[in-house]
Amino acid sequence: MEKIVIKNQDETNSEIIIEKGLVKNLENYLNEDKKYFLITNTTLFKLYPEIIAKFDKDRVIVVKDGEKYKNQKTFNYITDKLLKAKIERKDAIVALSGGVVGDLAGYVASSILRGVELIQIPTTLLAMCDSSIGGKTGYNTKYGKNLVGSFYFAKKVLIDTDFLKTLKESQYKCGLGEIVKYAFIEKSCKHPVSYGLLDILYEKSTYDIKLEIDKIVSICVNLKAKVVELDKKEGGLRKVLNFGHTFAHAFETLSNYKGMCHGEAVAYGMKCAFKLAKEKEFIDEEYYKKALCVIDKFKLTTKELKFKKEQIINLMKQDKKVLDNKINLILPVESALVEIFDNIEEPFVEACLP
Ligand SMILES: NC(=O)c1ccc[n+]([C@@H]2O[C@H](COP(=O)([O-])OP(=O)(O)OC[C@H]3O[C@@H](n4cnc5c(N)ncnc54)[C@H](O)[C@@H]3O)[C@@H](O)[C@H]2O)c1
Ligand SMILES: [Zn+2]
């Protein structure tokens, strides 16, 4: 069992526990005297009846599966159910899910009765390594993704990699995109331990990486936990987590969030960032080749993107603040280290696009 604590100034520390098979003994992590309300989706409800059965059936809320349901309507559905079931401030919400329900349930927990305890049980690779950690919650609106929400740290994040056994290969890939990102930003995360994630991903076969996924999840969680502890509300350091994302968000918008998952979009984005950094001579040819080798290993960028460069640039300008027509970017500068640049000229950005 591994325990990682994200310290807050007040008593609201966030505890992350990583243990294979943990959920089988979920009761050990819950408080007998507390009422727990479970929020999950239809897919997990069917896949994991033995976990659902651990909760009082009047306190289980099941929402439809899909990013398109991460909206105000589902938020209202959940809060209505909770209020009808007479949730009280001393009760807690448990989110059993990937990032979609996790973000929604987190926002519900942060706002219902002005805040009740939240426990996250992430069930996708992406949620384990990324979305369940760091306190970002919210839902999508017609104006864009995640535009309504809050920062609200889960009291506990319980990570059990046994959930990955039922995850579809395509969903696994989405998580791998973010894992590769952590490898390229490791030194920027200011974690005192040097894990060498990039070399692990570079040297091992994809088969071995899958076998060692517990260790890799643990590394990613440790890195993210450190970054968000140092920067709770995205004032500065957290920006390194957005490596590849300014490009990725443009690709996701242009593809209408279809045909490409977030992790794949991030992989395309990281490739652009590496190309640009090489052109600018921030990195040498050797690191460039190594980086591409790692991204290609996971077959995250196998499709040919056919977006217009002008459209990509326009969207990238919307994504981040633009000064004098210069786009804000996070770029690699040496092995596992990135820096934030606000002075990259548009022609350089254009030249690195697919
Ligand atoms: N809060 C954050 O910091 C943060 C960070 C990154 C992403 N996100 C958000 O996360 C969301 C994406 O999360 P996601 O990729 O986990 O998607 P998701 O929650 O939609 O899960 C993907 C699919 O896998 C299914 N699934 C989940 N666990 C499973 C399991 N163990 N076995 C079989 N199927 C399973 C789900 O039902 C769903 O169909 C996006 O909405 C994104 O905005 C949030
Ligand atoms: Zn991401």
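Remember, it's 1-based here, ligands and their atoms both numbered in the order they're listed.
- Taking the six-membered ring where the residue is Trp, His249 and His262 present parallel rings, their angle staying beneath 30° rather than reaching 60°.
- Proximity of Tyr195 to Leu223: side-chain heavy atoms (C-beta onward) are separated by under 4.5 Å at one or more points.
- Of the heavy atoms in Asn146, only side-chain atoms (C-beta onward) come closer than 4.0 Å to ligand 1.
- At least one N or O atom of Lys70 sits closer than 3.5 Å to an N or O atom of ligand 1.
- Here the shortest heavy-atom distance to atom 40 (C) of ligand 1, taken over Lys64, Lys46, Glu67, belongs to Glu67.
- Put simply, the angle at the Zn ion (ligand 2) from NE2 in His245 to NE2 in His262 is close to 100°, to the nearest 10°.
- Classification of Asp91 and Lys86 as a salt-bridged pair fails, no side-chain N sitting under 4.0 Å from a carboxylate O.
- The proximity of His262 to ligand 1, defined as any non-hydrogen pair under 4.0 Å, does not occur for either the backbone or the side chain.
- Between atom 27 (C) of ligand 1 and the options Ile133, Thr124, Leu96, the minimum heavy-atom separation is to Thr124.
- When hydrogens are left out, the protein atom nearest atom 14 (P) of ligand 1 is Gly99 N, 3.5 Å; that is the closest non-hydrogen contact.
- At a heavy-atom cutoff of 4.0 Å, ligand 1 is contacted by the side chain of Asp65 but not by its backbone.
- Of all atoms in ligand 1, listed by their number and element, those nearer than 4.0 Å to a heavy atom of Leu47 are 32 (N), 33 (C).
- At a 4.0 Å heavy-atom cut-off, ligand 1 touches Thr43 through the side chain alone.
- Counting heavy atoms closer than 4.0 Å to ligand 1, residue Lys224 contributes side-chain atoms (C-beta onward) but none from N, CA, C or O.
- Short contacts between ligand 1 and Asn41, defined as distances under 4.0 Å to a heavy atom of the residue, involve ligand atoms 36 (C), 37 (O).
- There is a protein heavy atom less than 4.0 angstrom from atom 6 (C) of ligand 1.
- For the Zn ion (ligand 2), the set of nearby N, O or S atoms under 2.8 Å includes one belonging to Glu178.
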